[in-house]
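Numbers restart at 1 for each chain; the letters A, B, ... are given by sequence-line order, proteins then strands.
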There are 2 protein chains.
Amino acid sequence: MKNRITELRGERDWTQADLAQRISVSRQTIIAIEKGKFDPSLPVAFRLAKVFGLTIEEVFLDEQ
Amino acid sequence: MKNRITELRGERDWTQADLAQRISVSRQTIIAIEKGKFDPSLPVAFRLAKVFGLTIEEVFLDEQ
DNA sequence: CCGTGATGTAAAGTGTACTTTACATCAGCC
DNA sequence: GGCTGATGTAAAGTACACTTTACATCACGG
């Protein structure tokens, strides 16, 4: 499942460590999600959408 | 994380087995999610929202 | 009654989300 | 050249999402 996290994070000039702290996960988790190593859990997905002020559907691409 | 799955499934007169089949998970997974035993993964959450014709935010309640 | 369908519980196993720690690389700066 | 910050990789461990199988309960129709 693709996502726009690297892009959205860049727009806000946040480092991976910044974002990790904002949503209470480790930096490794951010790296893994950005690199597509795995999908976040639903609660983490909600926190990511919220921190960017977007909906989950706007952050994660449902490529069917 | 609360969800409206039991309610939405009921409105459509689908059994747990029906819904499980439609989104390609086991019936146990539906039971566990309805009973709040755990949250679905993001891909399963997307499939649930899609099968109900709603957004993830409309199916899952982000109680902060 | 008895059978059937829908819902539920339990347990054991597999895979994945997430953590912590440690180290590598690369760019920019002084 | 050496320091620092940002990004990345790797590995080991924990917690949780999901599966399969098996069995219990309860409502309903015949």
Side-chain angles (χ1 to χ4, degrees):
Chain A
M1 171 156 281
K2 286 181 184 166
N3 67 70
R4 296 174 48 217
I5 295 175
T6 306
E7 169 196 353
L8 295 167
R9 181 174 63 77
E11 289 173 6
R12 287 156 182 76
D13 273 321
W14 293 344
T15 65
Q16 293 175 334
D18 286 339
L19 178 56
Q21 211 166 12
R22 283 174 191 267
I23 65 166
S24 303
V25 295
S26 67
R27 188 171 67 88
Q28 284 319 302
T29 296
I30 299 298
I31 291 176
I33 295 170
E34 287 193 359
K35 289 263 146 189
K37 283 201 154 202
F38 50 68
D39 294 315
S41 67
L42 191 56
V44 170
F46 263 96
R47 278 183 260 149
L48 279 166
K50 194 176 217 168
V51 85
F52 289 131
L54 298 172
T55 64
I56 292 194
E57 284 81 0
E58 286 168 333
V59 177
F60 298 91
L61 290 301
D62 186 21
E63 349 140 32
Q64 71 143 335
Chain B
M1 170 153 283
K2 286 180 184 165
N3 67 71
R4 298 174 47 217
I5 294 173
T6 306
E7 170 196 353
L8 294 167
R9 180 174 64 77
E11 288 173 6
R12 287 156 183 76
D13 274 321
W14 294 343
T15 67
Q16 293 174 334
D18 285 339
L19 178 56
Q21 210 167 15
R22 282 174 191 267
I23 65 165
S24 303
V25 295
S26 68
R27 189 171 66 89
Q28 284 318 302
T29 296
I30 299 299
I31 291 176
I33 295 170
E34 286 192 2
K35 289 263 146 187
K37 284 202 152 197
F38 53 67
D39 294 315
S41 66
L42 191 56
V44 170
F46 263 96
R47 276 183 261 152
L48 279 166
K50 195 176 218 170
V51 85
F52 289 131
L54 298 171
T55 64
I56 291 193
E57 284 81 0
E58 287 168 332
V59 177
F60 297 91
L61 289 302
D62 186 20
E63 348 141 34
Q64 71 142 337

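Atom CD1 of A:Ile56 and atom OG1 of B:Thr55 lie 9.0 Å apart (nearest 0.5 Å). With rounding to the nearest 0.5 Å, the separation of CE in A:Met1 from CG in B:Leu42 is 5.0 Å.
Between B:Asn3 and B:Asp39 there is no side-chain heavy-atom pair separated by less than 4.5 Å. By the 4.5 Å heavy-atom criterion applied to side chains, B:Asp18 and B:Asp13 are not counted as neighbours. Between A:Leu8 and A:Leu54 the shortest side-chain heavy-atom distance falls below 4.5 Å. The shortest distance between side-chain heavy atoms of A:Arg12 and A:Phe52 falls below 4.5 Å.
A heavy atom closer than 4.0 Å to some atom of DNA chain C occurs in B:Arg9, B:Thr15, B:Gln16, these being the qualifying members of residues 2-17 of chain B. Within residues 19-30 of chain A, the residues that place at least one heavy atom under 4.0 Å from DNA chain C are, in residue-number order, A:Ser24, A:Val25, A:Ser26, A:Gln28, A:Thr29. For residues 40-49 of chain B, proximity to DNA chain D is found at B:Pro40, B:Ser41, B:Val44, defined as any non-hydrogen atom under 4.0 angstrom from a strand atom.
Counting only residues at least two apart or in different chains, ring-ring contact (aromatic ring centres under 6.0 Å, His included) contacts with residues 28-49 of chain A are absent.
Remark: P of C:dA6 and CD of B:Glu34 are 14 Å apart, rounded to the nearest angstrom. Going from atom CG of B:Asp39 over to atom P of C:dC18 covers 11 Å, rounded to whole Å.
Partners of B:Glu7 according to the salt bridge (charged side-chain N to carboxylate O under 4.0 Å, His left out) rule, which considers only residues two or more places apart in sequence or in another chain, are B:Arg4. In this structure, the salt bridge (charged side-chain N to carboxylate O under 4.0 Å, His left out) partners of A:Glu34, at least two apart in sequence or on a different chain, are A:Arg9.
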*What pattern of brackets, bars and dots sums up DNA chain D from 5' to 3', given Watson-Crick or G-U wobble pairs under 3.5 Å, [ ] for crossing pairs and | for another strand?*
||||||||||||||||||||||||||||||
Tabulate below the donor-acceptor pairs under 3.5 Å that side-chain atoms of residues 20-33 of chain B make, not counting sequence neighbours, or state none.
| unit_1 | atom_1 | unit_2 | atom_2 | d |
| --- | --- | --- | --- | --- |
| B:Ser26 | OG | B:Thr29 | N | 3.3 |
| B:Ser26 | OG | B:Thr29 | OG1 | 3.1 |

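Between chain A and DNA chain D, the heavy-atom contact criterion of under 4.0 Å yields a 5' to 3' nucleotide range of D:dA6 to D:dA10.
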